[in-house]
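This report concerns only the one structure given below.
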Amino acid sequence: MNDRLRGISKVPEITALFWVTKILTTGMGETTSDFVVTTIDPVIGVAIAFVLLVAALVMQFRAHRYVPWIYWLTVVLVSIFGTMAADVVHVQFGVPYEVSTAGFAVALAAIFTIWYLSERTLSIHSIDTRRREVFYWAAVLTTFALGTAAGDWTATVLGLGYFASGLLFLAAICVPALAYRYLRLNAVIAFWAAYVLTRPLGASFADWLGVGPERGGVGTGTGVVSLVLAIAIAVCVLRLTVVRERSLRPERPFSQSRRSAD
């Protein structure tokens, strides 16, 4: 495995804006997937999403460092395709949501186990080799599929509806955050627990806004919700890009800055 990336992280810093953007992508993935498969032939829609995802992953892997727009474009497409994958398992193959949720959870646990045994760490701060990057994106894709299945399970099978499911996952995501803050929960465990929960959190509220009243939603429309979320994501990525460029800009010595000002 080519380790030419060693020492160069390919993922963003974990900030409040990171979490906001991540939740927005989960919502967009849910509503965009629903919009596509109900607007065009589902097989064609899934095929297009897969091709776009592969193209984005190629760009991400070819990049020599973290590039905000490439990274978040890849996350959005992972979100869309991950949603489609979970829906195909249920709709096309008739697998109950509780079974697919458990199956994706086992798959994610297997990825984490192999990743840890191979690299001895699951920290996203160490995504600095090609192999670790492969493990990272495999885990990310699986978290989206898992979160989709879990959100649909609570909303439909358990009968909570989308809004109540959103509140449930909002409360759930506070658990690792508070445990990390006050109970010294391992940072890596806290991160991945919260990361998984962002998916059903964002998707539940997006579904609530997008679907019609007959399904317990507001009825704004999945296309409209997807467009609004896309704009919000673009604004966040623009801000992340500005912050990134400022962090890479070399600082001038104080004496040089003083002379320039004079």
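- Residues Thr142 and Ala107 come closest through the heavy atom pair CG2-CB, 4.1 Å.
- Within 6.0 Å of atom CZ in Phe50, 12 or fewer heavy atoms from other residues, nucleotides or ligands are found, so the atom counts as exposed in its surroundings.
- Of the inter-residue distances, the one linking Leu24 atom CG with Cys236 atom SG reads 5.5 Å to the nearest 0.5 angstrom.
- Taking CZ of Arg131 as the start and CD of Glu119 as the end, the distance is 4.5 Å to the nearest 0.5 Å.
- For Thr113 (side chain) and Ala109 (main-chain N/O), a donor-acceptor pair under 3.5 Å exists by modelled atom type.
- Cluster membership check: Ile114 shares its hydrophobic cluster with Tyr136, using side-chain heavy-atom separations under 4.5 Å among Ile, Leu, Val, Met, Phe, Trp and Tyr.
- Contact of the Pro200 side chain with the Thr154 side chain is not registered, since no non-hydrogen atoms from C-beta on lie closer than 4.5 Å.
- No side-chain heavy atom of Val157 sits under 4.5 Å from any side-chain heavy atom of Pro96.
- Listed for the Ser126 side chain is a donor-acceptor partner under 3.5 Å among the backbone atoms of Ser123.
- Residues passing the ring-ring contact (aromatic ring centres under 6.0 Å, His included) test with Tyr180, sequence neighbours excluded: none.
- With values rounded to the nearest 0.5 angstrom, Trp192 atom CH2 is found 13.0 Å from Leu197 atom CG.
- In this structure, Arg130 contributes its side chain and Phe61 its backbone to a donor-acceptor pair below 3.5 Å.
- Contact annotation: the side chain of Glu133 never approaches that of Asp128 to less than 4.5 Å [non-hydrogen atoms, C-beta and beyond].
- Hydrophobic clustering places Leu73 together with Met84 (ILVMFWY residues linked when any side-chain heavy atoms are closer than 4.5 Å, directly or through intermediates).
- You'll find the side chain of Val243 reaches within 4.5 Å of the side chain of Arg239, heavy atoms only.
- No side-chain heavy atom of Val95 sits under 4.5 Å from any side-chain heavy atom of His90.
- The environment of Glu98 atom CD is dense: over 12 non-hydrogen atoms of other residues, nucleotides or ligands sit within 6.0 angstrom.
- In this structure, Trp69 has no ring-ring contact (aromatic ring centres under 6.0 Å, His included) partners at least two apart in sequence or on a different chain.
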- Message: Using the rule given for side chain to side chain contact (heavy atoms under 4.5 Å, CB included), can you reason through Arg120 versus Tyr116, listing the C-alpha separation, both sets of side-chain angles and the distance that settles it, and then say yes or no?
- Response: CA-CA 5 Å; Arg120 312 309 297 182; Tyr116 184 79; 3.9 Å; yes
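- In this view, Leu53 and Leu57, Leu77, Val78, Phe81 satisfy the side-chain contact (heavy atoms from CB on, under 4.5 Å) rule, not counting sequence neighbours.
- If you look at Phe191 and Tyr195, their ring centroids are closer than 6.0 Å.
- In the hydrophobic clustering of ILVMFWY residues, with side-chain heavy atoms under 4.5 Å counting as a link, Val224 and Val37 come out apart.
- Nearest approach of Ser100 to Ala149, heavy atoms of both residues: OG-CB, 3.6 Å.
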- Task: Could you walk me through whether Phe112 and Phe135 pass side chain to side chain contact (heavy atoms under 4.5 Å, CB included), step by step?
- Result: CA-CA 8 Å; Phe112 281 148; Phe135 281 128; over 6 Å; no
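- With hydrogens and angles disregarded, a donor-acceptor distance shorter than 3.5 Å links the side chain of Thr143 to the backbone of Val140.
- Taken to the nearest 0.5 Å, the CD1 atom of Ile70 stands 5.5 Å off from the CE atom of Met59.
- Note on Ile111 and Ile189: separate hydrophobic clusters, where clusters join Ile, Leu, Val, Met, Phe, Trp and Tyr whose side-chain heavy atoms are under 4.5 Å apart, directly or indirectly.
- Phe18 meets the ring-ring contact (aromatic ring centres under 6.0 Å, His included) test with Trp72; sequence neighbours excluded.
- Considering only residues two or more places apart in sequence or on other chains, Phe35 meets the ring-ring contact (aromatic ring centres under 6.0 Å, His included) condition with none of them.
- With contacts defined as side-chain heavy-atom distances shorter than 4.5 Å, the pair Leu229/Thr31 qualifies.
- Rounding to the nearest 0.5 Å gives a distance of 9.5 Å between CZ of Phe205 and CD1 of Ile23.
- Sorted by first and then second residue, the side-chain hydrogen bond (donor to acceptor under 3.5 Å, both in side chains) pairs with a member in residues 197-215 read Lys22-Thr198, Glu30-Arg199, Ser79-Arg199, Thr83-Arg199, Thr148-Arg199, Tyr162-Arg215; sequence neighbours excluded.
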- Task: Let me see the working for Thr26 and Leu201 under side chain to side chain contact (heavy atoms under 4.5 Å, CB included), right down to the final yes or no.
- Result: CA-CA 8 Å; Thr26 65; Leu201 170 62; over 6 Å; no
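- Using a distance-only test at 3.5 Å, with no hydrogens or angles considered, no donor-acceptor pair links the side chain of Thr32 to the main chain of Gly29.
- The same ILVMFWY cluster, assembled from side-chain heavy atoms under 4.5 Å apart, contains both Val88 and Leu52.
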- For side chain to side chain contact (heavy atoms under 4.5 Å, CB included), just list the numbers for Asp87 and Asp34, CA-CA rounded to whole Å, side-chain angles, deciding distance to a tenth of an Å, and then say yes or no. CA-CA 9 Å; Asp87 288 341; Asp34 290 344; 4.0 Å; yes
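- Looking at heavy atoms from C-beta onward, Ile127 lies in side-chain contact with Ile124 at the 4.5 angstrom threshold.
- Here the CG-CG distance, from Leu146 to Leu141, works out to 11.5 Å after rounding to the nearest 0.5 Å.
- Between Trp137 and Tyr71, the angle of the ring planes lies from 30° to 60°, which puts this pair in the tilted group.
- Looking at heavy atoms from C-beta onward, Leu178 lies out of side-chain contact with Leu183 at the 4.5 angstrom threshold.
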